[in-house]
Amino acid sequence: MSFRWGWSTSRAPKPEKSINKAAVWRRGEILQYNPSEIEKKWQAFWEAERSFEPSTDLSLPKKYVLSMFPYPSGRIHMGHVRNYTIGDAFARFYRQQGMNVLHPIGWDSFGMPAENAAIKHGVHPKKWTYENIDYMRKELASLGLSFSKEREFATSDPLYTKFEQGFIIDLFEKGLLYRKKAYLNWCPHDLTVLANEQVVDGCCWRCDTPIVKKEMNQYYLRITDYADELIDDLKQLERKWPNQVLAMQENWIGRSHGLEFTLAFDEHTKQLLRGEYEGFEVYTTRPDTIYGVSYTALAPEHPLVSYMIENRMLPQAAASEIEAMKNSSAIDRQKEKHGVALGIDVVHPLTGKKIPVWVANFVLMDYGSGAVMAVPAHDERDFDFATKYDLPITPVIAHPEEGIAEGRAMTEPGILFNSGAFSELMSDEAKSAIIEYFDKEGLGKKVTNYRLKDWGISRQRYWGAPIPLIHCPKCGIVAEKKENLPVTLPDDVEITGEGNPLEHHPTWKQCSCPQCGGEAERETDTMDTFVQSSWYFLRYTASAKLWEEKAFDKDELAYWMNVDHYIGGIEHAILHLLYSRFFTKALRDLGYVDADEPFERLLTQGMVLKDGAKMSKSKGNTVDPDALIEKYGADTARLFILFAAPPTQELEWNDSAVEGAFRFLRRFYERSENAYATDVIPAIDHSALSKPEKAARKKVYEALSRANDVFGERYTFNTMIAGVMEAMNALAEQKNADVWTEAYWVLSSLMEPIVPHVCWEISDRLFGGKNLASQQLKEEVFALESITLGVSVNGKNRGQIEVAPEASKAEMIEAAKAVVPNWLEGKTIVKEIVVPNKLVNLVVK
RNA sequence: GCGGACGUGGUGGAAUUGGUAGACACGCCAGACUUAGGAUCUGGUGCCGCAAGGUGUGGAGGUUCAAGUCCUCUCGUCCGCACCA
């Protein structure tokens with residue numbers, strides 16, 4: 001055993017400190033804090049007693065506490081320890097309050113690492129995944145986490161896949177899942193497409209390889225149908241979710257309002273294009289600048305551009321330049337603006353002037369219509385481009401104070417000029433006036449655009465949930481029959497990292513069409529793993545009796561939802577949390593769910609740092625949770641993590657502070673010798689106590705009132721623990737066994753959510769477990785015999801007085817004057833301020 | 001550039017509504033007990049100063065009897081988004 005702190009043979013007992021009338025144990029002789037023994041004992045007890053299964057009685061008050069489930073990567077890390085410790089504290093607290101608590105755990109077990117392991121080590125992804133789960137389950141158990149075991153599942157379990165595929169078929173039939181060809185983010189390393197949310201700084205979020213655009217067929221979930229609701233419902237989450245997350249989601253959805261209108265070609269261009277195109281649509285949020293349009297620009301992927309290239313309407317040099325633009329990476333495209341003039345013109349809808357059409361690499365095909373009207377005088381991008389290619393810059397808006405800007409783009413709102421009938425208007429008025437005019441004249445309309453795009457869920461990989469669709473040469477894309485679900489993965493695959501193993505499997509994709517019965521092929525794309533994590537919290541609400549039958553039961557769902565506390569890392573602020581919100585709403589519209597929003601309160605934990613940097617294997621600054629638990633015990637790990645910083649802040653690892661946490665627990669455990677066994681909290685006559693005894697009781701109950709505050713609203717476990725430490729310090733100043741016993745009755749209950757093993761041990765030994773329930777405040781301990789007031793002169797602290805609680809204002813002022821004579825000498829007091837229970841301030845001149 | 005969070009001792013961090021800044025802990029210093037100490041216990045510890053006292057919450061102003069807290073400006077750090085027309 002590597003635990004080496006429990007020795008005490010040489011530690012002398014302190015007889016003068018351990019006098020107490022119950023003297024059951026003597027310090028250091030009977031009690032030795034041996035966490036590994038205590039923790040094993042209670043973990044086994046909880047396991048045997050199935051202590052943490054929620055009741056199926058749906059009339060009880062409930063709390064649903066959920067820490068984000070882990071990917072089974074092999075071993076837990078400190079981020080997990082923090083995440084699950086926080087959740088466990090809530091769960092245990094609510095159980096003490098008499099709530100029916102759902103606190104489940106599961107595994108987000110599909111995904112790339114399993115396949116990478118297969119490529120690298122030749123292990124089958126299934127074997128690798130489920131072995132990891134078994135190992136990590138043990139690791140989590142060693143932390144003493146109070147999870148419900150009955151509801152545990154892995155998202156790669158066929159039963160989970162079955163229900164998920166059912167939802168996907170429903171979504172497909174409702175038109176919320178569709179297939180289209182598009183230019184996609186392609187990771188050349190992982191050989192798969194990525195959603196926009198999974199592209200970080202132009203690179204793959206997993207392997208950091210720069211992504212390229214590739215035109216492919218792919219399945220999409222119509223999340224944009226829910227864009228307005230996703231943005232509007234953020235209001236319901238204010239003050240319950242961190243502002244940062246709300247802001248990130250709002251920006252990500254990126255709603256904007258503007259004018260969409262058609263730019264028609266001039267006659268010459270129409271002829272050139274052989275009548276195929278009359279014009280193209282553009283979108284602008286700045287219709288007020290419309291008289292300043294001096295050119296327009298199309299995305300390189302714009303269909304009109306492809307048409308011109310295919311029909312050889314462009315010089316060879318221009319065509320190849322455009323092809324090069326298409327193939328350059330997102331990062332390269334951002335480096336410098338490039339353009340090619342197409343040699344064609346459109347007509348300005350208001351002035352009738354000819355405007356040249358360009359292709360520009362900064363125009364995005366998948367936003368708006370893939371084409372922009374360029375106003376270089378009032379847009380920085382357009383300005384840069386115009387400067388580079390020497391295009392005209394026509395100001396039409398004057399800055400209210402500075403007038404007409406020169407040599408830069410004036411992007412602020414202002415007063416219009418050279419703008420026909422709209423001149424003299426302010427930008428805001430002009431915007432609506434111009435939109436109204438376009439609408440009236442049938443030239444264009446007001447539209448809302450979103451930065452958010454539909455969620456591409458296809459992945460060209462093996463270790464994922466198959467998309468349950470079938471390609472039939474006669475019927476097209478058809479959903480698999482629900483009774484045939486789940487569509488499972490074949491076990492006999494060769495995983496080489498090249499291409500999709502399902503595609504290459506000799507027989508797997510052969511099937512018959514569910515509609516016509518003819519020969520057909522299965523879809524070989526599997527789903528993005530974020531699909532699984534978008535509804536796992538719903539699945540947990542299903543009790544064992546319905547487990548096989550349905551994904552979840554409406555009554556049980558209505559009872560448990562929403563998740564009351566959801567705890568996880570800020571890195572999921574967009575991806576997982578946005579998808580889950582969408583999925584909840586989509587399932588609601590399919591009639592499965594009643595909730596609009598899944599997560600009532602969100603707590604985003606900070607990262608765990610060491611030496612100022614995020615712990616990572618590559619930096620070599622990790623702390624291994626297993627080793628920590630073996631050396632100090634789970635309670636020490638849990639205590640340190642909750643004590644060292646508030647949960648939302650970053651947590652700097654500190655080995656000596658960990659030892660400090662351990663020393664506190666040892667004192668906490670060993671000093672329970674000063675309490676005696678009882679099954680009711682001792683009744684104490686407060687007025688008969690000595691001063692230190694009273695002070696100790698007061699600290700104990702202060703700690704209690706702080707705890708209620710912390711779990712209810714503030715989540716600052718660190719201050720609650722500090723309160724318990726203060727109480728322990730105050731207790732050591734007195735020897736009253738009743739006071740000690742009462743204190744342990746209260747404190748071991750308070751600390752149980754944080755350090756459960758040692759508290760169950762103390763509680764079991766002294767109180768038969770009866771104290772592990774919500775505690776009553778004793779108001780009499782807060783009654784004061786005397787009040788200490790600060791005395792300040794002109795707002796500066798100069799001394800202290802002690803007065804009786806019933807002292808009059810005048811008495812307090814007199815007493816105050818008496819302690820600060822030096823500061824009053826030769827001065828006149830002009831004002832005397834008494835703040836009850838706080839201070840007396842004397843204002844002098 | 002836009003959006004968000006945040007700046008308090010040597011360190012992590014306290015300070016519900018403006019009311020004795022630095023709780024609690026780590027570290028450090030001194031002492032006790034010890035063959036020994038990385039154990040335990042006692043005391044001390046914002047900074048300057050022998051002291052009296054001065055000074056102090058990134059910086060500069062302001063409101064107030066009183067500001068870490070409210071207001072204005074400013075500097076800095078971190079995070080997210082980023083040619084979204």
Side-chain angles (χ1 to χ4, degrees), chain A residues 4-5 7-8 10-12 14 17 27-28 200-201 242-248 250-252 254-256 258 282-286 289 297 330 333-335 337 360-364 366-369 371-375 378-382 384-385 411 449-453 570-571 573-574 607 640 643-646 648-661 663-664 666-667 706 709 713-714 716 718-726 728-729 732 788-800 822 830-844:
Chain A
R4 54 192 253 274
W5 302 100
W7 65 5
S8 61
S10 66
R11 204 185 310 137
K14 291 244 168 160
K17 276 247 162 184
R27 181 148 221 293
V200 179
D201 292 330
N243 281 336
Q244 193 186 173
V245 176
L246 297 176
M248 282 166 76
E250 191 172 342
N251 292 342
W252 188 265
R255 179 162 61 189
S256 74
V282 292
Y283 169 75
T284 179
T285 55
R286 291 295 304 272
T289 65
R333 270 174 89 151
Q334 281 182 31
K335 274 186 195 148
K337 291 188 171 47
N361 67 344
F362 69 90
V363 181
L364 308 172
D366 51 8
Y367 183 78
S369 54
V372 298
M373 66 173 215
V375 185
H378 303 294
D379 183 285
E380 277 174 31
R381 297 153 300 182
D382 299 345
D384 292 346
F385 192 83
T411 57
N449 248 316
Y450 305 90
R451 195 181 160 281
L452 180 72
K453 309 204 171 54
I570 186 79
E571 66 273 20
I574 294 172
M607 286 190 305
F640 170 75
F643 180 59
T648 54
Q649 270 178 48
E650 288 178 339
L651 172 74
E652 175 69 34
W653 198 263
N654 179 334
D655 288 326
S656 27
V658 173
E659 292 199 27
R663 286 199 297 267
F664 171 76
R666 180 168 51 193
R667 272 198 308 275
R706 233 195 268 194
D709 210 33
E713 201 62 45
R714 288 159 35 87
T716 47
N718 54 330
T719 61
M720 176 199 145
I721 295 165
V724 173
M725 289 175 170
E726 282 182 58
M728 287 300 292
N729 292 344
T788 309
L789 295 176
V791 178
S792 44
V793 179
N794 288 343
K796 279 197 199 295
N797 181 30
R798 297 301 182 193
Q800 257 184 13
N822 296 350
V830 294
K831 204 166 177 182
E832 292 150 341
I833 292 149
V834 178
V835 183
N837 296 326
K838 298 280 185 185
L839 55 71
V840 177
N841 187 19
L842 303 171
V843 185
V844 302

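No hydrogens, no waters, no symmetry mates; every other heavy atom, side chains included, goes into these values. Numbers restart at 1 for each chain; the letters A, B, ... are given by sequence-line order, proteins then strands.
As rounded to the nearest Å, B/rG58 and B/rU77 have P atoms that lie 16 Å from one another. Straight-line distance between the P atoms of B/rG38 and B/rG49: roughly 31 Å, to the nearest whole Å. Comparing B/rG59 with B/rU11, their C1' atoms are spaced 24 Å from each other, to the whole Å. Here the separation of B/rA15 from B/rA23, taken at their C1' atoms, is 8 Å to the nearest Å. Look at the C1' atom in both B/rG19 and B/rU64: the space between them is 12 Å, to the nearest Å. Going from the P atom of B/rC71 to that of B/rA5 covers 13 Å, rounded to whole Å.
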Strand RNA chain B in bracket notation, Watson-Crick/G-U under 3.5 Å with | for pairs to another chain: (((((((..(((......[....)))((((((.......))))))(((....)))..(((((..]....))))))))))))....
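At the phosphate of B/rA66, neither OP1 nor OP2 sits under 4.0 Å from any side-chain N or O atom of A/Arg798. Taking side-chain N and O atoms only, A/Ser792 has no distance below 4.0 Å to OP1 or OP2 of B/rG19. In terms of phosphate contacts, A/Asn251 brings no side-chain nitrogen or oxygen within less than 4.0 Å of OP1 or OP2 of B/rA82. At B/rA39, none of the side-chain N or O atoms of A/Arg666 fall inside 4.0 Å of OP1 or OP2 (strictly under the cut-off). Checking the phosphate oxygens (OP1, OP2) of B/rG12, no side-chain nitrogen or oxygen of A/Asn718 falls inside 4.0 Å. Considering only side-chain N and O atoms, A/Asn654 lies nowhere under 4.0 angstrom from the phosphate OP1 or OP2 of B/rA25. Between A/Arg706 and the phosphate of B/rU16, there is no side-chain N or O to OP1/OP2 separation shorter than 4.0 Å.
Backbone-only contact: A/Asn729 has heavy atoms under 4.0 Å from sugar-phosphate atoms and none from a base. Among the atoms of the strands shown, base atoms are found under 4.0 Å from some heavy atom of A/Phe643. Across all strands shown, A/Pro646 has heavy atoms under 4.0 Å from sugar-phosphate atoms exclusively, and none from any base. Contacts of A/Gln334 with the nucleic acid, taken as non-hydrogen atoms under 4.0 Å apart, include base atoms. If you check every strand for non-hydrogen atoms under 4.0 Å, A/Gln649 touches sugar and phosphate atoms only. A/Thr788 comes within contact range of at least one nucleobase, with a heavy-atom separation under 4.0 Å. Contacts of A/Val363 with the nucleic acid, taken as non-hydrogen atoms under 4.0 Å apart, include base atoms.
With its glycosidic angle more than 90° from 0, B/rG38 is assigned anti.
Distance alone, capped at 3.5 Å, is enough to place a donor-acceptor pair between the A/Arg451 side chain and the A/Trp252 backbone. The main-chain N or O of A/Gly795 is found under 3.5 Å from a side-chain atom of A/Asn841 such that the two form a donor-acceptor pair.
A/Phe362 carries A/Lys337 over the face of its six-membered ring, with the cationic atom under 6.0 Å from the centre and within 45° of the normal.
Nearest to the side-chain atoms of A/Tyr283 among the listed nucleotides B/rU20, B/rA39, B/rA85 stands B/rA85.
In this structure, A/Glu380 places its CD atom where only 12 or fewer heavy-atom neighbours from other residues, nucleotides or ligands lie under 6.0 Å away.
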Criterion side chain to side chain contact (heavy atoms under 4.5 Å, CB included) on A/Gln244 and A/Ile570, from CA distance to verdict: CA-CA 9 Å; A/Gln244 193 186 173; A/Ile570 186 79; 3.8 Å; yes
